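What you are looking at is a predicted structure, and each value in this text was computed from that prediction instead of being measured.
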There are 2 protein chains.
Amino acid sequence: MVSFTEENYLKIIYKLCASGDNGATTNAIAQLTQTKPSSVSDMLKKMSDRQLVDYKKYQGVSLTEEGERLALRVIRRHRLWEVFLVEKLSFAWDEVHELAEELEHIESEQLIIRLDEFLGFPQFDPHGDPIPDQHGKITKVKKIKLTHIEEGLQYKIVGMEDTSDAFLQYLTKIGMDLSSKVTLVEKIEFDQSMVLNINGKSTTVSHKFTENVWVSEL
Amino acid sequence: MVSFTEENYLKIIYKLCASGDNGATTNAIAQLTQTKPSSVSDMLKKMSDRQLVDYKKYQGVSLTEEGERLALRVIRRHRLWEVFLVEKLSFAWDEVHELAEELEHIESEQLIIRLDEFLGFPQFDPHGDPIPDQHGKITKVKKIKLTHIEEGLQYKIVGMEDTSDAFLQYLTKIGMDLSSKVTLVEKIEFDQSMVLNINGKSTTVSHKFTENVWVSEL
DNA sequence: ACAATTTTTTAGGTTTGTCTAAATTTTAAT
DNA sequence: ATTAAAATTTAGACAAACCTAAAAAATTGT
């Protein structure tokens with residue numbers, strides 16, 4: 001049995017590892033769990049004893065296979081509840097995070113299986129993030145910056161790092177939204193900008209842009 | 001802010017007080033919370049300090065006005081979730097209690113308002129128990145034993161104390177189910193049995209029966 | 001009415017997850 | 001290559017909610 005608190009740590013460590021930046025550091029975890037670094041150290045030790053994480057003092061932390069399985073289960077539940085709240089209860093997509101943070105900890109395999117079915121087996125949540133399936137299989141997402149050029153390889157926008165109004169307006173201007181299909185055309189070495197094909201239209205975007213937008217393979 | 005645990009105590013104390021039997025005693029609470037009586041004593045003291053209950057040592061406990069308001073909120077949430085699980089996720093009515101025990105603690109007024117709307121403002125849960133409205137107004141329920149004779153006063157079955165197969169079969173035999181309309185015809189002093197009119201048919205039932213069946217005024 | 005039983009409370013302890021303050025290790029800058 | 005700064009860990013405490021064992025109060029049977 002994994003506690004409410006452990007589930008939160010697992011989910012946060014998963015996300016920090018997946019995002020690549022600096023991996024899951026004690027400070028980063030503390031910030032996201034809204035606790036102090038010392039509390040995180042304590043918790044990591046306990047979770048390491050329980051074989052949920054691989055942890056060596058001062059060296060950061062990553063998930064064990066079991067830890068990752070459990071993290072993906074929590075993420076699945078979180079995202080399914082978000083779909084429910086938006087599609088069935090008419091919440092706005094930016095209102096549902098806090099609620100899903102609570103709902104994700106309800107412990108019942110059956111509940112999630114039936115909720116998934118009730119929602120029509122959605123692939124993405126209202127923020128565009130992919131929903132892991134029952135076996136933890138998840139559509140891989142990465143920042144545009146890290147994609148590579150390959151014949152016919154299309155991507156789908158799934159989210160962004162910075163969601164400021166300024167940025168969202170820029171997206172609208174270049175005709176890009178969550179339903180856009182994007183192909184990588186060219187990487188410019190000199191300033192690390194990239195040429196993308198967005199819904200058939202060729203557009204050049206800055207390095208900052210490519211760091212800010214998450215995509216998944218289609 | 002009222003904790004998960006406090007909400008459970010409130011709900012249980014409410015039910016014990018409403019059922020009339022012996023009111024909310026320390027032992028009874030311990031049994032329903034699955035804890036020891038000593039833990040209940042501790043908790044009652046704390047809840048008394050927080051003005052959620054009226055408590056005098058060795059004298060049992062009852063809810064303050066605020067305690068009752070909070071208890072009814074939890075009961076409302078519990079019963080709405082049960083409706084959701086049965087009507088929308090196709091759970092059987094006898095599978096949903098445990099799940100609703102968890103869901104009832106999700107803290108959000110908006111969530112419950114919208115769930116209620118999504119479900120079409122149901123009046124009763126799948127067990128036949130009445131759902132309090134947003135202001136805590138609840139259809140009063142009592143055991144048949146405690147009803148009184150009055151011109152045209154009809155009752156609706158909402159639940160039973162003992163749900164053994166034997167009893168359910170007996171119900172079927174006398175043509176009584178959750179949709180039955182019942183009128184009290186006569187109380188027999190001698191053995192405390194009662195004559196009821198069930199869907200237009202006159203039937204005599206034992207004292208044990210009248211102790212076992214809960215009804216609400218219609 | 002009072003002894004026996006049952007119920008309830010107190011006292012002292014445990015676990016989980018947090019905290020602050022101090023110590024240690026790592027990283028970065030000169 | 002040191003030293004200053006930043007990140008991390010340890011030590012010692014605390015609050016919530018539980019426990020066991022023992023003491024105190026209430027109830028019951030004769």
Which residues pass the side chain to side chain contact (heavy atoms under 4.5 Å, CB included) test with A:His105, not counting sequence neighbours?
A:Phe4, A:Glu7, A:Asn8
For B:Thr33, which residues count as a side chain to side chain contact (heavy atoms under 4.5 Å, CB included) partner, sequence neighbours excluded?
B:Tyr9, B:Ile12, B:Ile29, B:Thr35, B:Val40
Any A:Asn27 side-chain N or O less than 4.0 Å from OP1/OP2 of D:dT8
yes
Tell me whether the OP1 or OP2 atom of D:dA16 has a side-chain N or O from B:Tyr9 closer than 4.0 Å.
no
For atom NZ of A:Lys56 and atom C1' of D:dA7, their distance in whole Å:
19 Å
Among residues 31-42 of chain B, which ones have heavy-atom contacts with DNA chain C below 4.0 Å?
B:Pro37, B:Ser38, B:Ser41
In whole angstrom, what separates B:Lys45's NZ from D:dA17's C1'?
14 Å
B:Phe167 and B:Val213, any side-chain heavy atoms less than 4.5 Å apart:
yes
What's the CG-P distance between B:Leu44 and D:dC18, to the nearest Å?
11 Å
Please list, one pair per line, the donor and acceptor atoms closer than 3.5 Å that link side chains of residues 120-128 of chain A to other protein atoms, with sequence neighbours excluded.
from: A:Asp125; atom 1: OD1; to: A:His127; atom 2: N; distance (Å): 2.7
from: A:Asp125; atom 1: OD1; to: A:Gly128; atom 2: N; distance (Å): 3.0
from: A:Asp125; atom 1: OD1; to: A:Asp129; atom 2: N; distance (Å): 3.0
from: A:His127; atom 1: ND1; to: A:Glu82; atom 2: OE1; distance (Å): 2.8
from: A:His127; atom 1: NE2; to: A:Trp93; atom 2: O; distance (Å): 3.0

Round to the nearest Å and state the distance from A:Asn22 atom CG to D:dT8 atom C1'.
15 Å
Under 4.0 Å, counting only non-hydrogen atoms across every strand here, what does B:Lys46 touch: a base, just sugar-phosphate, or nothing?
base
Residues B:Arg69 and B:Glu66 bridged, charged N to O under 4.0 Å
yes
Who pairs with A:Tyr58 by ring-ring contact (aromatic ring centres under 6.0 Å, His included), at least two apart in sequence or on another chain?
none
Hits for side chain to side chain contact (heavy atoms under 4.5 Å, CB included) against B:Ile149, two or more places apart or cross-chain, chain-then-number order -> B:Leu184
Using a 4.0 Å heavy-atom cut-off, does A:Phe4 contact any base of the nucleic acid, only the sugar-phosphate backbone, or nothing at all?
nothing
Just to verify, what does A:Gln134 make a side chain to side chain contact (heavy atoms under 4.5 Å, CB included) with, not counting sequence neighbours?
A:Arg76, A:Ile113
Does B:Tyr55 have any ring-ring contact (aromatic ring centres under 6.0 Å, His included) partners at least two apart in sequence or in another chain, and if so, which?
none
Qualifying residues under ring-ring contact (aromatic ring centres under 6.0 Å, His included), relative to A:Tyr14, sequence neighbours excluded:
none
Listed partners of A:His207 passing ring-ring contact (aromatic ring centres under 6.0 Å, His included), at least two apart
none
How does protein contact run along nucleotides 23-28 of chain D, one letter per nucleotide 5' to 3', with B for base contact, S for sugar-phosphate only, - for none, heavy atoms under 4.0 Å?
-BSS--
Outer limits of DNA chain C sitting under 4.0 Å from a non-hydrogen atom of chain A, read 5' to 3', are C:dG17 to C:dT26
